[in-house]
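Worksheet: one structure, shown below.
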Amino acid sequence: MAEQGNLTFGIIKPDAVRAGNTGRIIQHITDAGFRTRAMKLIHMTLEEAEGFYAVHRERPFFPELTRFMSSAPCVVMALEKDNAVKAWRDLMGATDPAKADDGTLRKEFGASMGENAVHGSDSEENAAIEISYFFSRLELV
Ligand code: CMP
């Protein structure tokens, strides 16, 4: 198994899946040199989305965020690359697509702060927690 520091967790969010952008986003991920260690299409229940985003429980956008994330299927992924957390955040771009740099996924595929196409872990520690929320050890190839 790779060093934990080389792994991050990502989601292709319901807006991007619904818009038919899953394939294009995976192509960007491949072109950027990530190795996919695990990937699956899931449809979260509201309770599963609330558990995943529990750190944001007190935020005003929490109900909207969890409703949206449980509204339709999304793709969850464990991604490997040197400095994976930073590399994936760089490829995603700023949370607000309007502020994201050209060439980033949120710039190309995001519509708003909530419907911003992709999610990524913000630290190695959270990457490990988030990967294990969706994948068992046996699902990491
Ligand atoms: P994500 O990386 O999935 O982590 C939390 C999400 O909350 C974030 O991306 C945004 O899509 C969403 N969100 C919605 N509204 C806000 C907001 N006002 N500030 C920050 N994040 C927001």
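Numbering of ligands and ligand atoms starts at 1, following listing order. Here the structure is a predicted model, which is why all the values come from computation and not from measurement.
For E139 and K40, the salt-bridge test passes: some basic side-chain N is under 4.0 Å from an acidic carboxylate O.
Within 4.0 Å of ligand 1, contacts by protein heavy atoms are made from K13, Y53, H56, F61, L65, T95, R106, M113, G114, N116, H119.
Applying the ring-ring contact (aromatic ring centres under 6.0 Å, His included) test to every pair with at least one member in residues 67-86, sequence neighbours left out, gives no pairs at all.
Residues meeting the side chain to side chain donor-acceptor pair (under 3.5 Å) test with D96, sequence neighbours left out: none.
Residue I29 is found in a hydrophobic cluster whose other members, listed by chain and number, are I12, V17, I25, I26, F34, M39, L41, V75, M77, L79, W88, L91, M92, L105, F109, V118; membership requires side-chain heavy atoms under 4.5 Å apart, directly or through intermediates.
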Task: Steps toward side-chain hydrogen bond (donor to acceptor under 3.5 Å, both in side chains) verdict (R18, S71) - done: CA-CA 10 Å; R18 201 186 277 129; S71 68; 3.1 Å; yes
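Panel note: side chain R106, backbone G93; a donor-acceptor pair is recorded below 3.5 Å.
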